[in-house]
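Please read the structure below before turning to the comments.
Any value given below was found using the heavy atoms of this structure, including those in side chains, with hydrogens, waters and symmetry copies removed. Count residues from 1 along the sequence. Model, not experiment: these values are computed from the prediction.
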Amino acid sequence: MPAHNEESNIGEVIARVPRHFHPEYTVEVAVIDDGSKDGTVAAAKQAGADHIVSFPSNRGLGAAVREGLAQCCRLNADIGLMIDSDNEYPPEQIPDVIEPIRRGTADYTFGSRFKGQIRGMKLHRRLGNYFFTLLQSVLVRKWIYDGQSGMRGFSREAMERAEIIHDYNYAQVLTLNLIRQGFRLEEVPISYQVRTKGQSFIKFKEYVSSVIPAIYKEMKRPVAKRYRQNFPRK
């Protein structure tokens with residue numbers, strides 16, 4: 001769970017995480033505090049976070065997600081799930097988002113807002129999501145509905161091999177990287193509610209100037225294809 005100055009939201013997100021949805025799995029919450037200046041860490045501890053990693057200064061969402069995936073691997077997780085700490089995404093649907101990974105039909109999943117329900121998203125954000133999702137679809141030749149989702153599931157192998165090549169954000173380059181390697185993507189409909197507390201770090205000009213060059217860089221560099229055969233779990 002990446003977090004930057006989310007004191008007013010993170011406690012509720014952690015409290016809503018399903019801890020006992022399947023007898024075969026133990027659920028632990030890891031928070032990556034990206035140099036918060038407020039009470040984010042204290043709120044996460046009070047809400048029951050099992051692991052907290054704090055950066056001394058703000059490094060960016062891409063850096064936080066990269067560290068989160070590495071932390072999951074260090075904790076020997078079989079499945080990882082990243083969810084934004086701004087209370088826009090539904091923790092109750094974590095079991096739904098990781099189910100394709102659990103049953104062996106996908107390696108990488110999105111909680112897809114545009115296949116589910118969206119409440120409160122402004123028009124300019126919706127159009128921006130459409131544009132960047134369409135761009136990803138064209139580049140990987142696979143139809144994607146919600147390429148900017150802040151709720152994503154990962155198999156262990158996907159976490160180990162995922163590469164995020166810039167610190168500002170992760171969404172586009174991570175998906176391009178994993179699909180180009182041959183990981184299977186599946187999108188799961190979720191319900192989404194725009195935040196009511198706090199403020200997003202995303203600024204349009206910074207986003208475009210950071211993301212477009214990163215997409216170009218990711219598509220130009222070689223990636224190693226995976227060859228492991230996958231079989232659905234019974």
Side-chain angles (χ1 to χ4, degrees), residues 1-7 9-10 13 29-38 40-41 44 49 51-75 77 80-89 108-111 125 128-129 131-133 135-136 139-140 144 146-154 156-181 183 185 195 198-224:
M1 190 178 297
H4 177 64
N5 293 338
E6 292 291 357
E7 175 185 10
N9 291 308
I10 194 169
V13 178
V29 175
V31 172
I32 311 300
D33 166 44
D34 188 17
S36 297
K37 301 299 184 184
D38 63 358
T40 294
V41 170
H51 312 277
I52 298 176
V53 176
S54 290
F55 295 161
S57 60
N58 180 237
R59 292 172 51 187
L61 182 56
V65 174
R66 188 189 305 117
E67 175 60 30
L69 296 179
Q71 179 74 1
C72 285
C73 292
R74 287 192 290 269
L75 293 170
L81 182 128
M82 189 222 82
I83 183 169
D84 284 349
S85 56
D86 56 12
N87 210 20
E88 292 188 337
Y89 293 84
Y108 177 43
T109 57
F110 293 163
R125 285 194 62 188
N129 274 289
F131 170 77
F132 280 107
T133 297
L135 178 58
Q136 291 173 76
L139 291 174
V140 297
I144 297 173
D146 191 2
Q148 282 64 244
S149 174
M151 187 175 184
R152 303 178 183 222
F154 304 82
R156 176 57 182 265
E157 187 185 4
M159 290 190 289
E160 290 174 337
R161 295 187 53 171
E163 295 183 81
I164 300 172
I165 62 171
H166 69 141
D167 288 348
Y168 180 78
N169 208 322
Y170 69 94
Q172 297 80 17
V173 294
L174 177 56
T175 296
L176 295 175
N177 178 260
L178 288 175
I179 292 180
R180 291 173 68 216
Q181 289 188 58
F183 287 97
L185 169 66
R195 67 158 72 223
Q199 186 175 6
S200 172
F201 80 97
I202 296 293
K203 300 294 185 292
F204 180 75
K205 289 183 178 180
E206 293 177 1
Y207 193 83
V208 172
S209 63
S210 297
V211 169
I212 294 295
I215 289 174
Y216 178 80
K217 181 179 178 181
E218 171 61 38
M219 293 303 296
K220 292 291 289 183
R221 70 195 194 101
V223 296

Of all heavy-atom pairs between Met1 and Val29, which one has the smallest distance, and what is that distance? CE-CG1, 4.1 Å

To the nearest 0.5 angstrom, please state how far the CD atom of Gln148 sits from the CZ atom of Phe131. 10.0 Å

Begin from the C-alpha positions of Glu218 and Arg180 and carry the test side-chain contact (heavy atoms from CB on, under 4.5 Å) through to its verdict. CA-CA 10 Å; Glu218 171 61 38; Arg180 291 173 68 216; 2.8 Å; yes

Stepwise side-chain contact (heavy atoms from CB on, under 4.5 Å) test for Met159 and Gln71: CA-CA 10 Å; Met159 290 190 289; Gln71 179 74 1; over 6 Å; no

Looking only at atom types and distance, does a side-chain atom of Asn177 sit under 3.5 Å from a main-chain N or O of Glu163, one as donor and one as acceptor? yes

For Tyr108 and Thr175, does a side-chain donor sit closer than 3.5 Å to a side-chain acceptor? yes

Indicate yes or no for a side-chain donor-acceptor contact from Thr109 to the backbone of Gly153 under 3.5 Å, with no hydrogens or angles considered. yes

Under 3.5 Å, is there a donor-acceptor pair between the side chain of Arg156 and the main chain of Cys73? yes

Looking at Thr133 and Ile144, would you say the former's side chain and the latter's main chain have a donor-acceptor pair under 3.5 Å? no

Any sub-3.5 Å donor-acceptor pair from Asp33's side-chain atoms to Val41's backbone N or O? no

How far does CG of Leu139 sit from CE of Met219, to the nearest 0.5 angstrom? 4.5 Å

Rounded at 0.5 Å granularity, tell me how far CG in Asp84 sits from CG in Leu61. 6.5 Å

If you look at every heavy atom in Val31 and Ala3, which pair is closest and at what distance? CG1-CB, 4.3 Å

How long is the straight-line distance from CG of Leu178 back to CG of Leu185, given to the nearest 0.5 Å? 9.0 Å

Scanning both residues in full, the closest heavy-atom pair of Leu69 with Ala162 reads CD1-CB, 4.0 Å

Do Ser36 and Glu6 have side-chain N/O donor and acceptor atoms under 3.5 Å apart? no

Ignoring hydrogens and angles, tell me if any N or O in the side chain of Tyr170 forms a donor-acceptor pair with the backbone of Ile164 under 3.5 Å. no

So that I can tick it off, tell me whether Glu67 and Arg59 are bridged by a salt bridge, with the cut-off set at under 4.0 angstrom between side-chain N and carboxylate O. no

Over all atoms of both residues, closest heavy-atom pair of Tyr168 and Ser210: CD2-CB, 3.7 Å

Nearest heavy atoms of Arg152 and Gly147, plus distance in Å: NH2-O, 2.9 Å

Write down the atom of Phe55, the atom of Ala63, and the distance for their closest heavy-atom approach. CZ-O, 3.9 Å

Is any side-chain heavy atom of Leu135 closer than 4.5 Å to one of Ile212? yes

For Asn5 and Lys37, indicate whether the former's side chain and the latter's backbone hold a donor-acceptor pair under 3.5 Å. yes

Output for pair (Tyr216 OH, Arg221 CZ), nearest 0.5 Å, gives 14.0 Å

Determine whether a donor-acceptor pair (N or O, by modelled atom type, separation under 3.5 Å) exists between the side chain of Ser85 and the backbone of Pro2. yes

Please round to the nearest 0.5 Å and tell me the distance separating atom CZ of Arg66 and atom CD1 of Ile32. 12.0 Å

Counting distance only, does the side-chain N/O of Arg161 pair as donor-acceptor with the main-chain N or O of Gln181 below 3.5 Å? no

Is there a donor-acceptor contact under 3.5 Å from the side chain of Asp34 to the main chain of Gly60? yes

